[in-house]
Asks: 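Below you will find the structure I want to go over with you.
When reading the values below, keep in mind they use all heavy atoms of this one structure, side chains included, and skip hydrogens, waters and symmetry mates.
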Protein chains: 2
Amino acid sequence: MDNGKVGDKRHLRSIMTRQKLLGVAKEIFLEEGFQAAVISQMIKKANIGYGTAYVHFKGKEDLLIVLMENIMEQFYEIAETSFFPKSKGEAKHTINKQANAFLKMAEAERNMMQVFEQAIGISTVISDKWKAIRMKFIQRISKDVAYAQQNGLARAELNHELVAKGWFFTNEMYLWEIVRNDHQRSIEEIAQTITSVYFEGLYL
Amino acid sequence: MDNGKVGDKRHLRSIMTRQKLLGVAKEIFLEEGFQAAVISQMIKKANIGYGTAYVHFKGKEDLLIVLMENIMEQFYEIAETSFFPKSKGEAKHTINKQANAFLKMAEAERNMMQVFEQAIGISTVISDKWKAIRMKFIQRISKDVAYAQQNGLARAELNHELVAKGWFFTNEMYLWEIVRNDHQRSIEEIAQTITSVYFEGLYL
DNA sequence: TTAACTTATTGACATTGTGTCATATTCTTT
DNA sequence: AAAGAATATGACACAATGTCAATAAGTTAA
(Lines give C-alpha, C1' and ligand atoms only; values in the text may rest on other atoms or scores of the structure.)
Protein backbone atom coordinates (compact mmCIF):
# COMPACT_ATOMS: atom_id res chain seq x y z
CA MET A 1 0.00 0.00 0.00
CA ASP A 2 2.57 2.52 -1.09
CA ASN A 3 1.31 6.01 -0.44
CA GLY A 4 3.06 7.37 -3.47
CA LYS A 5 0.68 5.25 -5.55
CA VAL A 6 3.67 3.71 -7.24
CA GLY A 7 2.18 0.27 -6.75
CA ASP A 8 -0.45 0.72 -9.34
CA LYS A 9 0.34 -0.10 -12.92
CA ARG A 10 -1.33 2.90 -14.42
CA HIS A 11 0.70 5.40 -12.48
CA LEU A 12 3.82 3.43 -13.18
CA ARG A 13 3.30 3.68 -16.88
CA SER A 14 2.77 7.39 -16.51
CA ILE A 15 6.11 7.68 -14.77
CA MET A 16 7.84 5.71 -17.45
CA THR A 17 6.37 7.88 -20.15
CA ARG A 18 7.59 10.92 -18.31
CA GLN A 19 11.06 9.48 -17.94
CA LYS A 20 11.24 8.42 -21.53
CA LEU A 21 10.40 11.94 -22.60
CA LEU A 22 12.87 13.49 -20.18
CA GLY A 23 15.64 11.25 -21.43
CA VAL A 24 15.00 12.06 -25.06
CA ALA A 25 14.59 15.75 -24.24
CA LYS A 26 18.03 15.80 -22.69
CA GLU A 27 19.55 14.18 -25.74
CA ILE A 28 17.90 16.63 -28.07
CA PHE A 29 18.70 19.67 -25.97
CA LEU A 30 22.33 18.63 -25.98
CA GLU A 31 22.34 18.00 -29.71
CA GLU A 32 20.41 21.07 -30.77
CA GLY A 33 20.60 23.60 -27.98
CA PHE A 34 17.56 25.10 -26.31
CA GLN A 35 16.62 27.42 -29.10
CA ALA A 36 16.64 24.92 -31.92
CA ALA A 37 15.29 21.98 -29.93
CA VAL A 38 11.80 21.18 -31.06
CA ILE A 39 9.18 19.50 -28.94
CA SER A 40 7.63 17.55 -31.76
CA GLN A 41 11.01 16.01 -32.45
CA MET A 42 11.31 14.86 -28.86
CA ILE A 43 7.82 13.43 -28.94
CA LYS A 44 8.58 11.52 -32.08
CA LYS A 45 11.84 10.14 -30.76
CA ALA A 46 10.22 9.19 -27.45
CA ASN A 47 7.48 7.35 -29.31
CA ILE A 48 4.59 8.85 -27.46
CA GLY A 49 1.47 10.63 -28.60
CA TYR A 50 1.76 14.33 -29.32
CA GLY A 51 -0.61 15.51 -26.63
CA THR A 52 1.02 13.29 -24.04
CA ALA A 53 4.01 15.56 -23.74
CA TYR A 54 1.76 18.40 -22.70
CA VAL A 55 0.13 16.27 -20.05
CA HIS A 56 3.48 15.88 -18.33
CA PHE A 57 5.12 19.22 -19.04
CA LYS A 58 3.94 22.66 -19.88
CA GLY A 59 6.44 23.00 -22.70
CA LYS A 60 10.11 23.20 -23.59
CA GLU A 61 10.96 25.44 -20.66
CA ASP A 62 9.33 23.16 -18.19
CA LEU A 63 11.24 20.21 -19.55
CA LEU A 64 14.56 21.97 -19.22
CA ILE A 65 13.84 23.20 -15.73
CA VAL A 66 13.35 19.64 -14.57
CA LEU A 67 16.53 18.57 -16.31
CA MET A 68 18.43 21.42 -14.66
CA GLU A 69 17.22 20.77 -11.15
CA ASN A 70 20.21 18.68 -10.27
CA ILE A 71 22.70 21.26 -11.45
CA MET A 72 20.89 24.10 -9.77
CA GLU A 73 20.96 22.13 -6.56
CA GLN A 74 24.72 21.95 -6.76
CA PHE A 75 25.01 25.69 -7.24
CA TYR A 76 22.92 26.28 -4.18
CA GLU A 77 25.21 24.05 -2.20
CA ILE A 78 28.28 26.02 -3.22
CA ALA A 79 26.48 29.26 -2.49
CA GLU A 80 25.46 28.17 0.95
CA THR A 81 28.86 27.67 2.49
CA SER A 82 29.48 30.93 4.25
CA PHE A 83 32.71 31.49 6.13
CA PHE A 84 34.09 33.41 9.07
CA PRO A 85 37.82 33.83 8.59
CA LYS A 86 40.01 34.48 11.58
CA SER A 87 42.99 35.62 9.57
CA LYS A 88 43.89 37.10 6.21
CA GLY A 89 45.51 33.85 5.20
CA GLU A 90 42.46 31.80 6.00
CA ALA A 91 40.25 34.23 4.10
CA LYS A 92 42.35 34.13 0.98
CA HIS A 93 42.50 30.39 1.01
CA THR A 94 38.75 29.99 1.39
CA ILE A 95 37.92 32.57 -1.24
CA ASN A 96 40.20 30.89 -3.71
CA LYS A 97 38.72 27.51 -2.95
CA GLN A 98 35.19 28.75 -3.49
CA ALA A 99 36.01 30.48 -6.76
CA ASN A 100 37.61 27.28 -7.87
CA ALA A 101 34.62 25.14 -6.94
CA PHE A 102 32.31 27.52 -8.72
CA LEU A 103 34.31 27.49 -11.94
CA LYS A 104 34.74 23.73 -11.78
CA MET A 105 30.96 23.39 -12.02
CA ALA A 106 31.15 24.95 -15.45
CA GLU A 107 33.62 22.38 -16.58
CA ALA A 108 31.90 19.38 -15.00
CA GLU A 109 28.49 20.21 -16.44
CA ARG A 110 29.63 22.01 -19.54
CA ASN A 111 27.14 20.51 -21.96
CA MET A 112 24.00 21.11 -19.97
CA MET A 113 25.31 24.50 -18.92
CA GLN A 114 25.60 25.47 -22.56
CA VAL A 115 21.96 24.69 -23.03
CA PHE A 116 21.19 26.53 -19.82
CA GLU A 117 23.01 29.66 -20.95
CA GLN A 118 20.97 29.82 -24.11
CA ALA A 119 17.78 29.21 -22.23
CA ILE A 120 18.50 32.03 -19.78
CA GLY A 121 18.51 34.42 -22.67
CA ILE A 122 15.25 33.16 -24.00
CA SER A 123 12.99 32.07 -21.21
CA THR A 124 11.88 34.34 -18.42
CA VAL A 125 11.22 31.47 -16.09
CA ILE A 126 14.67 30.03 -16.49
CA SER A 127 16.28 33.42 -16.31
CA ASP A 128 14.51 33.92 -12.99
CA LYS A 129 15.87 30.64 -11.69
CA TRP A 130 19.38 31.80 -12.48
CA LYS A 131 18.74 35.18 -10.93
CA ALA A 132 17.75 33.44 -7.73
CA ILE A 133 21.01 31.50 -7.73
CA ARG A 134 22.92 34.68 -8.38
CA MET A 135 21.15 36.45 -5.55
CA LYS A 136 21.97 33.64 -3.19
CA PHE A 137 25.65 33.95 -4.02
CA ILE A 138 25.69 37.70 -3.73
CA GLN A 139 23.97 37.63 -0.39
CA ARG A 140 26.40 35.09 0.95
CA ILE A 141 29.46 36.95 -0.31
CA SER A 142 28.00 40.19 0.97
CA LYS A 143 27.74 38.68 4.40
CA ASP A 144 31.29 37.41 4.23
CA VAL A 145 32.60 40.81 3.22
CA ALA A 146 30.69 42.55 5.99
CA TYR A 147 32.08 40.08 8.50
CA ALA A 148 35.63 40.66 7.31
CA GLN A 149 35.11 44.40 7.52
CA GLN A 150 33.73 44.21 11.03
CA ASN A 151 36.74 42.24 12.12
CA GLY A 152 39.18 44.72 10.73
CA LEU A 153 40.35 42.39 7.98
CA ALA A 154 38.89 44.32 5.06
CA ARG A 155 38.65 47.95 3.97
CA ALA A 156 35.58 49.25 5.76
CA GLU A 157 34.97 52.26 3.54
CA LEU A 158 33.62 50.12 0.71
CA ASN A 159 29.98 49.23 0.37
CA HIS A 160 29.97 45.50 0.96
CA GLU A 161 27.09 44.74 -1.35
CA LEU A 162 28.66 46.53 -4.29
CA VAL A 163 31.91 44.73 -3.66
CA ALA A 164 30.16 41.38 -3.38
CA LYS A 165 28.35 41.87 -6.64
CA GLY A 166 31.47 42.95 -8.45
CA TRP A 167 33.29 39.90 -7.24
CA PHE A 168 30.50 37.53 -8.13
CA PHE A 169 30.14 39.08 -11.57
CA THR A 170 33.74 38.35 -12.40
CA ASN A 171 33.23 34.78 -11.32
CA GLU A 172 30.02 34.41 -13.24
CA MET A 173 31.41 35.71 -16.49
CA TYR A 174 34.36 33.40 -16.25
CA LEU A 175 31.91 30.61 -15.59
CA TRP A 176 30.19 31.26 -18.91
CA GLU A 177 33.48 31.60 -20.67
CA ILE A 178 34.48 28.19 -19.40
CA VAL A 179 31.07 26.82 -20.36
CA ARG A 180 31.64 28.03 -23.89
CA ASN A 181 35.11 26.54 -23.77
CA ASP A 182 36.50 29.94 -24.67
CA HIS A 183 39.04 30.06 -21.85
CA GLN A 184 42.73 29.93 -22.68
CA ARG A 185 44.05 29.33 -19.17
CA SER A 186 43.44 26.60 -16.64
CA ILE A 187 40.65 27.00 -14.16
CA GLU A 188 43.15 27.01 -11.36
CA GLU A 189 45.06 29.90 -12.85
CA ILE A 190 41.90 31.84 -13.52
CA ALA A 191 40.64 31.31 -9.99
CA GLN A 192 43.98 32.27 -8.55
CA THR A 193 44.35 35.42 -10.60
CA ILE A 194 40.91 36.84 -9.98
CA THR A 195 41.08 35.88 -6.32
CA SER A 196 44.40 37.63 -6.00
CA VAL A 197 43.18 40.93 -7.45
CA TYR A 198 39.97 40.82 -5.44
CA PHE A 199 41.70 39.83 -2.25
CA GLU A 200 44.47 42.42 -2.42
CA GLY A 201 41.93 45.04 -3.40
CA LEU A 202 39.58 44.38 -0.54
CA TYR A 203 41.57 42.99 2.37
CA LEU A 204 43.99 45.02 4.43
CA MET B 1 24.28 63.26 -61.24
CA ASP B 2 24.54 61.98 -57.70
CA ASN B 3 26.54 58.79 -57.60
CA GLY B 4 24.54 57.50 -54.66
CA LYS B 5 21.51 57.41 -56.97
CA VAL B 6 19.59 59.48 -54.44
CA GLY B 7 18.38 61.81 -57.15
CA ASP B 8 15.98 59.39 -58.66
CA LYS B 9 12.46 59.12 -57.38
CA ARG B 10 12.29 55.37 -57.33
CA HIS B 11 15.29 55.00 -55.12
CA LEU B 12 14.02 57.76 -52.91
CA ARG B 13 10.77 55.96 -52.29
CA SER B 14 12.72 52.83 -51.48
CA ILE B 15 14.65 54.75 -48.87
CA MET B 16 11.50 56.14 -47.36
CA THR B 17 9.94 52.71 -47.14
CA ARG B 18 13.04 51.47 -45.41
CA GLN B 19 13.00 54.33 -42.94
CA LYS B 20 9.31 53.95 -42.23
CA LEU B 21 9.86 50.32 -41.40
CA LEU B 22 12.91 51.05 -39.27
CA GLY B 23 10.99 53.65 -37.29
CA VAL B 24 8.09 51.35 -36.62
CA ALA B 25 10.43 48.49 -35.83
CA LYS B 26 12.12 50.55 -33.15
CA GLU B 27 8.78 51.42 -31.59
CA ILE B 28 7.68 47.83 -31.54
CA PHE B 29 10.97 46.48 -30.27
CA LEU B 30 10.77 48.95 -27.41
CA GLU B 31 7.17 48.08 -26.64
CA GLU B 32 7.46 44.33 -26.95
CA GLY B 33 11.09 43.39 -26.56
CA PHE B 34 13.00 41.44 -29.17
CA GLN B 35 11.49 38.09 -28.38
CA ALA B 36 7.86 39.10 -28.57
CA ALA B 37 8.22 41.60 -31.39
CA VAL B 38 6.58 40.29 -34.50
CA ILE B 39 7.51 41.28 -38.02
CA SER B 40 4.01 41.11 -39.38
CA GLN B 41 2.95 43.64 -36.75
CA MET B 42 5.67 46.04 -37.85
CA ILE B 43 4.69 45.61 -41.48
CA LYS B 44 1.09 46.35 -40.68
CA LYS B 45 1.90 49.43 -38.65
CA ALA B 46 4.30 50.69 -41.30
CA ASN B 47 1.61 50.28 -43.94
CA ILE B 48 3.73 48.43 -46.41
CA GLY B 49 3.25 45.17 -48.22
CA TYR B 50 4.27 42.02 -46.41
CA GLY B 51 7.01 40.97 -48.79
CA THR B 52 8.44 44.47 -48.89
CA ALA B 53 9.95 44.09 -45.47
CA TYR B 54 11.95 41.15 -46.71
CA VAL B 55 13.23 43.14 -49.63
CA HIS B 56 14.86 45.57 -47.24
CA PHE B 57 15.85 43.32 -44.35
CA LYS B 58 16.55 39.68 -43.89
CA GLY B 59 14.38 39.48 -40.79
CA LYS B 60 13.99 40.63 -37.21
CA GLU B 61 17.66 40.27 -36.41
CA ASP B 62 18.72 42.31 -39.36
CA LEU B 63 16.33 45.07 -38.42
CA LEU B 64 17.68 45.23 -34.88
CA ILE B 65 21.29 45.20 -35.99
CA VAL B 66 20.70 48.30 -38.06
CA LEU B 67 18.90 49.97 -35.17
CA MET B 68 21.78 49.12 -32.83
CA GLU B 69 24.53 50.37 -35.07
CA ASN B 70 24.60 53.77 -33.44
CA ILE B 71 24.90 52.34 -29.95
CA MET B 72 27.53 49.85 -30.95
CA GLU B 73 29.51 52.67 -32.47
CA GLN B 74 29.52 54.45 -29.14
CA PHE B 75 30.79 51.38 -27.36
CA TYR B 76 33.63 51.09 -29.81
CA GLU B 77 34.56 54.66 -29.12
CA ILE B 78 34.76 54.07 -25.39
CA ALA B 79 36.72 50.91 -25.98
CA GLU B 80 39.22 52.62 -28.21
CA THR B 81 40.61 55.14 -25.77
CA SER B 82 43.68 53.41 -24.48
CA PHE B 83 45.85 55.11 -21.89
CA PHE B 84 49.44 55.30 -20.74
CA PRO B 85 49.49 56.48 -17.15
CA LYS B 86 52.59 58.05 -15.77
CA SER B 87 51.57 57.76 -12.14
CA LYS B 88 49.32 55.72 -9.88
CA GLY B 89 47.06 58.70 -9.41
CA GLU B 90 46.61 59.27 -13.09
CA ALA B 91 45.89 55.60 -13.64
CA LYS B 92 43.21 55.47 -10.99
CA HIS B 93 41.54 58.57 -12.27
CA THR B 94 41.44 57.34 -15.84
CA ILE B 95 40.22 53.91 -14.91
CA ASN B 96 37.43 55.37 -12.87
CA LYS B 97 36.45 57.72 -15.65
CA GLN B 98 36.28 54.91 -18.17
CA ALA B 99 34.23 52.67 -15.94
CA ASN B 100 31.90 55.56 -15.43
CA ALA B 101 31.53 56.29 -19.12
CA PHE B 102 30.85 52.65 -19.81
CA LEU B 103 28.14 52.38 -17.19
CA LYS B 104 26.61 55.68 -18.26
CA MET B 105 25.96 54.16 -21.65
CA ALA B 106 23.64 51.70 -20.00
CA GLU B 107 21.65 54.49 -18.50
CA ALA B 108 21.57 56.71 -21.54
CA GLU B 109 20.41 53.96 -23.87
CA ARG B 110 18.55 51.85 -21.36
CA ASN B 111 15.55 51.03 -23.49
CA MET B 112 17.35 49.90 -26.58
CA MET B 113 19.91 48.13 -24.42
CA GLN B 114 17.13 46.12 -22.86
CA VAL B 115 16.09 44.95 -26.27
CA PHE B 116 19.71 44.30 -27.10
CA GLU B 117 20.25 42.17 -24.03
CA GLN B 118 17.36 39.93 -24.96
CA ALA B 119 18.53 39.71 -28.52
CA ILE B 120 22.02 38.65 -27.46
CA GLY B 121 20.50 35.63 -25.78
CA ILE B 122 18.50 34.70 -28.81
CA SER B 123 20.34 35.59 -31.97
CA THR B 124 23.77 34.28 -32.84
CA VAL B 125 24.51 37.18 -35.10
CA ILE B 126 23.76 39.76 -32.48
CA SER B 127 25.54 37.80 -29.82
CA ASP B 128 28.60 37.82 -32.08
CA LYS B 129 28.40 41.57 -32.45
CA TRP B 130 28.47 41.93 -28.69
CA LYS B 131 31.32 39.48 -28.40
CA ALA B 132 33.32 41.64 -30.78
CA ILE B 133 32.70 44.68 -28.61
CA ARG B 134 33.69 42.73 -25.55
CA MET B 135 36.87 41.55 -27.20
CA LYS B 136 37.78 45.07 -28.17
CA PHE B 137 37.44 46.18 -24.56
CA ILE B 138 39.40 43.28 -23.19
CA GLN B 139 42.22 43.81 -25.63
CA ARG B 140 42.43 47.46 -24.79
CA ILE B 141 42.37 46.86 -21.04
CA SER B 142 44.86 44.06 -21.45
CA LYS B 143 47.23 46.44 -23.16
CA ASP B 144 46.76 49.02 -20.44
CA VAL B 145 47.51 46.48 -17.74
CA ALA B 146 50.61 45.25 -19.51
CA TYR B 147 51.81 48.81 -19.87
CA ALA B 148 51.29 49.52 -16.19
CA GLN B 149 53.14 46.33 -15.32
CA GLN B 150 56.07 47.16 -17.55
CA ASN B 151 56.39 50.53 -15.89
CA GLY B 152 56.44 49.10 -12.43
CA LEU B 153 53.03 50.51 -11.54
CA ALA B 154 51.19 47.20 -11.32
CA ARG B 155 51.84 43.75 -9.90
CA ALA B 156 53.79 41.98 -12.60
CA GLU B 157 53.16 38.43 -11.41
CA LEU B 158 49.57 38.49 -12.66
CA ASN B 159 48.58 37.44 -16.14
CA HIS B 160 47.42 40.67 -17.71
CA GLU B 161 44.83 39.12 -19.93
CA LEU B 162 43.14 37.28 -17.09
CA VAL B 163 43.11 40.44 -15.03
CA ALA B 164 41.71 42.47 -17.91
CA LYS B 165 38.91 40.03 -18.49
CA GLY B 166 37.99 39.88 -14.84
CA TRP B 167 37.84 43.63 -14.67
CA PHE B 168 35.79 43.96 -17.80
CA PHE B 169 33.41 41.27 -16.64
CA THR B 170 32.59 43.17 -13.49
CA ASN B 171 31.90 46.23 -15.57
CA GLU B 172 29.79 44.36 -18.04
CA MET B 173 27.61 42.71 -15.46
CA TYR B 174 26.99 46.00 -13.77
CA LEU B 175 26.13 47.40 -17.16
CA TRP B 176 23.36 44.86 -17.55
CA GLU B 177 22.16 45.41 -14.05
CA ILE B 178 21.83 49.09 -14.77
CA VAL B 179 20.12 48.33 -18.06
CA ARG B 180 17.58 46.26 -16.16
CA ASN B 181 17.26 49.09 -13.67
CA ASP B 182 18.09 46.63 -10.92
CA HIS B 183 20.83 48.71 -9.36
CA GLN B 184 20.33 50.17 -5.94
CA ARG B 185 23.27 52.57 -5.90
CA SER B 186 24.23 55.45 -8.15
CA ILE B 187 26.41 54.81 -11.14
CA GLU B 188 29.11 56.98 -9.65
CA GLU B 189 29.22 54.95 -6.48
CA ILE B 190 29.26 51.70 -8.39
CA ALA B 191 32.07 52.90 -10.64
CA GLN B 192 34.03 54.17 -7.71
CA THR B 193 33.66 51.02 -5.64
CA ILE B 194 34.59 48.55 -8.35
CA THR B 195 37.44 50.77 -9.51
CA SER B 196 38.74 50.98 -5.99
CA VAL B 197 38.86 47.22 -5.47
CA TYR B 198 40.36 46.61 -8.89
CA PHE B 199 42.88 49.38 -8.56
CA GLU B 200 44.10 48.49 -5.09
CA GLY B 201 44.21 44.84 -6.10
CA LEU B 202 46.29 45.38 -9.20
CA TYR B 203 48.40 48.47 -8.72
CA LEU B 204 51.33 48.69 -6.38
C1' DT C 1 -16.82 -10.93 -13.85
C1' DT C 2 -18.34 -6.99 -15.21
C1' DA C 3 -20.14 -2.25 -14.99
C1' DA C 4 -18.88 2.13 -13.40
C1' DC C 5 -15.29 4.97 -12.61
C1' DT C 6 -10.58 7.10 -12.80
C1' DT C 7 -6.43 8.07 -14.95
C1' DA C 8 -3.50 8.41 -18.94
C1' DT C 9 -2.86 8.78 -23.93
C1' DT C 10 -3.84 10.28 -28.40
C1' DG C 11 -3.71 12.93 -32.84
C1' DA C 12 -6.55 16.10 -35.48
C1' DC C 13 -7.20 20.91 -35.33
C1' DA C 14 -6.94 25.83 -34.75
C1' DT C 15 -3.54 29.27 -34.22
C1' DT C 16 0.42 32.04 -34.90
C1' DG C 17 4.27 33.35 -37.13
C1' DT C 18 7.86 32.99 -40.92
C1' DG C 19 10.06 33.63 -45.48
C1' DT C 20 9.52 33.08 -50.70
C1' DC C 21 8.22 34.01 -55.21
C1' DA C 22 5.59 34.98 -59.33
C1' DT C 23 3.17 38.94 -60.46
C1' DA C 24 1.97 43.80 -60.51
C1' DT C 25 3.23 48.52 -60.07
C1' DT C 26 5.98 52.50 -60.67
C1' DC C 27 9.59 54.94 -62.57
C1' DT C 28 13.46 55.64 -66.11
C1' DT C 29 15.51 55.34 -70.43
C1' DT C 30 15.73 55.41 -75.26
C1' DA D 1 5.29 55.31 -75.95
C1' DA D 2 7.57 50.89 -75.66
C1' DA D 3 11.03 48.44 -73.49
C1' DG D 4 13.52 47.82 -69.44
C1' DA D 5 14.75 48.17 -64.47
C1' DA D 6 13.84 48.66 -59.75
C1' DT D 7 10.36 48.18 -56.07
C1' DA D 8 6.44 46.50 -53.88
C1' DT D 9 2.94 43.14 -53.05
C1' DG D 10 0.18 39.37 -50.87
C1' DA D 11 -1.09 34.59 -51.53
C1' DC D 12 1.10 30.50 -50.35
C1' DA D 13 3.73 26.79 -48.40
C1' DC D 14 5.94 25.61 -44.16
C1' DA D 15 7.10 24.99 -39.35
C1' DA D 16 5.95 24.79 -34.73
C1' DT D 17 2.86 25.26 -30.81
C1' DG D 18 -0.74 24.10 -27.45
C1' DT D 19 -5.68 22.40 -26.79
C1' DC D 20 -9.31 19.29 -26.49
C1' DA D 21 -12.87 15.84 -27.29
C1' DA D 22 -12.46 11.14 -27.94
C1' DT D 23 -10.36 6.73 -26.71
C1' DA D 24 -7.78 3.30 -24.24
C1' DA D 25 -6.09 1.22 -20.23
C1' DG D 26 -6.35 0.07 -15.48
C1' DT D 27 -8.88 -0.11 -10.87
C1' DT D 28 -12.61 -0.82 -7.81
C1' DA D 29 -16.43 -2.83 -5.71
C1' DA D 30 -20.80 -5.35 -5.83
Asks: Without decimals, in angstroms, what is the distance between A:Arg10 CZ and C:dT7 C1'?
Replies: 4 Å
Asks: Check for me whether the distance between the ring centres of A:Tyr203 and A:Tyr198 falls short of 6.0 Å.
Replies: no
Asks: Rounded to whole Å, how long is the line connecting atom CZ of A:Phe57 with atom C1' of D:dT19?
Replies: 18 Å
Asks: Less than 4.0 Å between a side-chain N and a carboxylate O, is that true for B:Arg134 and A:Glu177?
Replies: no
Asks: Rounded to whole angstrom units, what separation is found between the CG atom of B:Leu12 and the P atom of D:dA8?
Replies: 11 Å
Asks: Quick one: A:Tyr50 OH to D:dA21 P, roughly how many Å, whole number?
Replies: 18 Å
Asks: Where each residue is assigned the nucleotide of DNA chain C containing its nearest heavy atom, which of B:Arg13 and B:Val55 is assigned the position nearer the 5′ end?
Replies: B:Val55
Asks: Which part of the nucleic acid does B:Ser14 contact within heavy-atom distance under 4.0 Å: base, sugar-phosphate only, or nothing?
Replies: sugar-phosphate
Asks: With a sphere of 6.0 Å drawn around NZ of A:Lys143, does it hold more than 12 non-hydrogen atoms of other residues, nucleotides or ligands?
Replies: no
Asks: From CG of B:Asp8 over to C1' of D:dG4, roughly how many Å is that when rounded to an integer?
Replies: 14 Å
Asks: I need the NE2-P distance between A:His11 and C:dA8, as an integer number of Å.
Replies: 6 Å
Asks: Using a strict heavy-atom distance below 4.0 Å, which residues from residues 116-123 of chain B are in contact with DNA chain C?
Replies: none
Asks: If the cut-off is 4.0 Å, is B:His56 near the phosphate of D:dA8, judged by side-chain N/O to OP1 or OP2?
Replies: yes
Asks: Between P on D:dA8 and CD1 on B:Ile15, what's the gap in Å once rounded to a whole number?
Replies: 10 Å
Asks: For the pair A:Phe84 and A:Tyr147, name the ring-plane relationship: parallel under 30°, tilted 30 to 60°, perpendicular over 60°.
Replies: perpendicular
Asks: Supply the atom-to-atom distance B:Ile120 CD1 to B:Phe34 CZ, rounded to the nearest 0.5 angstrom.
Replies: 11.0 Å
Asks: Looking only at the side chains, is there a donor atom on one of B:Thr193 and B:Arg185 sitting less than 3.5 Å from an acceptor on the other?
Replies: no
Asks: Say whether, by atom type as modelled, one donor and one acceptor occur between the side chain of B:Tyr174 and the main chain of A:Leu162 under 3.5 angstrom.
Replies: yes
Asks: Excluding sequence neighbours, so at least two apart, what forms side chain to side chain donor-acceptor pair (under 3.5 Å) with A:Glu73?
Replies: none
Asks: Among A:Phe168, A:Phe169, A:Trp130, whose ring-ring contact (aromatic ring centres under 6.0 Å, His included) with A:Phe137 holds?
Replies: A:Phe168
Asks: In whole Å, what is the span from the NZ atom of B:Lys60 to the C1' atom of C:dG19?
Replies: 14 Å
Asks: Respond yes when some side-chain nitrogen or oxygen of B:Tyr54 is under 4.0 Å from OP1 or OP2 of C:dT20, and no when none is.
Replies: no
Asks: In residues 17-49 of chain B, which ones come under 4.0 Å of DNA chain C, going by heavy atoms?
Replies: B:Val38, B:Ile39, B:Ser40
